[in-house]
There are 2 protein chains.
Amino acid sequence: MKNELHDILKIKSSELESVCRNQGLALTIQRRAILEALASRKDHPTADQVYEDISSRLKGVSRTTVYRVLETFVSLGIAKKISYPEAKARFDADTSRHHHLNCLSCGAVLDLHDPSLNDLRPPAGVEPEFAITDYSITFTGKCARCRKTEG
Amino acid sequence: MKNELHDILKIKSSELESVCRNQGLALTIQRRAILEALASRKDHPTADQVYEDISSRLKGVSRTTVYRVLETFVSLGIAKKISYPEAKARFDADTSRHHHLNCLSCGAVLDLHDPSLNDLRPPAGVEPEFAITDYSITFTGKCARCRKTEG
DNA sequence: TACTGCTTGACAATTTATGCCAAACGCAAT
DNA sequence: ATTGCGTTTGGCATAAATTGTCAAGCAGTA
């Protein structure tokens with residue numbers, strides 16, 4: 001398991017290096033440290049959690065930098081942002097099982113009612129450890145309007 | 001279509017009434033207005049958007065109340081919150097297709113790698129209007145630890 | 001109609017995130 | 001190794017989103 005993490009770090013590190021080289025971006029110690037901190041965790045830390053993780057090693061690092069670098073990683077495809085756009089809480093009065101289309105360009109979240117997606121088999125080996133009560137699928141992509149305006 | 005919305009409002013309104021009666025909660029005009037505003041929209045408004053919607057009709061209503069009532073609705077099962085816990089942006093260095101287990105009690109978000117869930121057929125009739133590039137399934141429920149401590 | 005307790009409104013405080021700009025650093029060419 | 005350019009960072013100010021507090025007000029019941 002330890003070796004597994006070590007391998008992940010190595011892979012991620014070289015991914016960062018090649019992406020930076022290709023894009024002409026600087027390979028700063030902040031970017032290295034932030035990626036390493038992110039890849040070392042198996043949960044999904046917030047920007048502040050990453051900041052806490054690295055501020056002990058990299059003293060003097062700015063919170064702003066962590067936010068900024070994480071967004072850079074997302075736009076480079078090195079990391080994913082797990083949340084809805086702008087991270088605002090959104091509410092829905094429709095409590096029936098349904099799914100969502102999330103446009104990455106404009107941030108719109110559209111409903112998707114599709115009965116054929118409503119009977120997914122719960123993944124094997126998860127229950128009964130984790131008691132699943134519901135699920136929802138989020139499809140990400142680009143909506144019709146954004147495709148028109150952005151090509 | 002107009003009648004459809006009218007029906008939804010009626011259903012939701014009576015749902016609120018029965019839930020409040022059963023739980024001994026007050027059926028305030030604020031709760032009515034907020035639920036009506038929420039159910040009238042087919043998108044997924046933020047708390048502030050709901051506040052904007054009702055503040056014209058219900059003058060003097062407090063932003064705090066809107067936040068509070070929406071959370072109440074979620075805990076009563078009348079509405080859903082479409083976002084990760086606490087609405088913070090979370091990051092993940094694992095960009096491969098995978099899914100999530102979200103504990104409703106403690107807010108933890110766990111990874112779920114399950115190849116059998118990685119080849120979902122894109123829903124019919126959505127593409128090519130909406131260009132889907134990826135998807136992710138979020139299973140909600142209660143994790144092992146919370147089940148132990150909460151029964 | 002009066003009582004009782006749940007709810008609300010107003011404001012303060014916190015948390016989360018972004019904008020700005022001078023200083024510092026990475027990188028490539030000497 | 002040194003220099004110079006352009007990217008990147010740090011610190012701070014600011015905005016945006018959310019939560020905490022508590023007295024005053026309303027809903028539900030007697």
Side-chain angles (χ1 to χ4, degrees), chain A residues 13 16-35 37-38 44-76 78-79 81-91 107, chain B residues 13 16-35 37 44-76 78-79 81-91 107 109:
Chain A
S13 184
L16 176 64
E17 285 166 22
S18 68
V19 169
C20 284
R21 211 179 307 119
N22 293 336
Q23 307 283 326
L25 299 176
L27 198 57
T28 63
I29 52 174
Q30 287 87 349
R31 283 178 178 160
R32 284 182 183 283
I34 290 168
L35 181 62
L38 184 60
H44 308 82
T46 63
D48 261 2
Q49 288 176 318
V50 172
Y51 171 75
E52 293 299 331
D53 284 355
I54 68 164
S55 56
S56 53
R57 279 186 298 156
L58 242 187
K59 57 177 290 185
V61 69
S62 167
R63 208 176 289 264
T64 308
T65 298
V66 176
Y67 277 89
R68 195 163 31 198
V69 168
L70 285 171
E71 292 296 340
T72 303
F73 287 169
V74 171
S75 68
L76 292 174
I78 294 175
K81 194 172 187 172
I82 307 180
S83 75
Y84 279 82
E86 302 167 53
K88 294 173 193 164
R90 290 172 178 275
F91 295 87
Chain B
S13 184
L16 176 64
E17 285 166 22
S18 68
V19 169
C20 284
R21 212 178 307 119
N22 292 337
Q23 305 285 324
L25 299 175
L27 198 56
T28 64
I29 52 175
Q30 288 88 348
R31 283 179 178 159
R32 284 182 184 281
I34 291 169
L35 182 62
H44 308 83
T46 63
D48 262 3
Q49 288 175 317
V50 172
Y51 171 74
E52 294 298 331
D53 285 355
I54 68 163
S55 55
S56 53
R57 279 185 298 156
L58 241 186
K59 58 176 291 184
V61 69
S62 167
R63 205 177 292 265
T64 308
T65 299
V66 176
Y67 277 89
R68 194 164 31 198
V69 168
L70 285 172
E71 292 296 341
T72 303
F73 286 169
V74 171
S75 69
L76 292 175
I78 294 175
K81 193 172 189 173
I82 308 180
S83 76
Y84 279 82
E86 302 166 56
K88 294 174 193 165
R90 290 172 178 275
F91 296 88
V109 180

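Letters A, B, ... mirror the listed sequences (proteins, then strands); counts begin at 1. These numbers come from a predicted model, not from an experiment.
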Participant: Minimum heavy-atom separation for B:Gln49 to B:His44, with atom names?
Facilitator: OE1-O, 4.2 Å
Participant: Say you draw a straight line from OG1 of A:Thr72 to CG of A:Leu25; how long is it, rounded to the nearest 0.5 Å?
Facilitator: 8.0 Å
Participant: Distance check, rounded to the nearest 0.5 Å: A:Thr46 atom OG1 versus A:Leu70 atom CG?
Facilitator: 9.0 Å
Participant: Between the opening five pairs and the closing five pairs of the helix from C:dT1-D:dA30 to C:dT30-D:dA1, how far apart are the helix axes, to 10°?
Facilitator: 40°
Participant: Determine which pairs satisfy salt bridge (charged side-chain N to carboxylate O under 4.0 Å, His left out) with at least one residue from residues 45-56 of chain B, sequence neighbours left out, and list them in order.
Facilitator: B:Arg41-B:Asp53, B:Asp48-B:Arg63
Participant: Is there a residue in residues 22-34 of chain A whose heavy atoms reach under 4.0 Å of DNA chain D, and which residues are they?
Facilitator: A:Leu25, A:Ala26, A:Thr28, A:Gln30, A:Arg31
Participant: May I have all residue pairs that pass side chain to side chain donor-acceptor pair (under 3.5 Å) and include part of residues 20-34 of chain A, sequence neighbours excluded?
Facilitator: A:Glu17-A:Arg32
Participant: If you take all heavy atoms of A:Ile34 and A:Ile54, which pair is closest and at what distance?
Facilitator: CG1-CD1, 3.6 Å
Participant: Considering non-hydrogen atoms only, spot the tightest contact between A:Cys20 and A:Ala26 and give its length.
Facilitator: SG-O, 4.1 Å
Participant: Please list, by residue number, the residues of residues 47-71 of chain A whose heavy atoms come closer than 4.0 Å to an atom of DNA chain D; answer none if no residue qualifies.
Facilitator: A:Gly60, A:Val61, A:Ser62, A:Thr64, A:Thr65, A:Arg68, A:Val69
Participant: Grab the two heavy atoms, one from A:Ala33 and one from A:Arg57, that are nearest each other, plus how far apart they are.
Facilitator: O-NH2, 4.0 Å
Participant: Rounded to the nearest 0.5 Å, what's the gap from CD1 on B:Ile29 to CG on B:Leu58? Could you check?
Facilitator: 5.0 Å
Participant: Send over the distance from B:Lys81 NZ to D:dA17 P, rounded to a whole Å.
Facilitator: 14 Å
Participant: Which heavy atom of B:Ser55 sits nearest a heavy atom of B:Val61, and at what distance?
Facilitator: CA-CG1, 4.0 Å
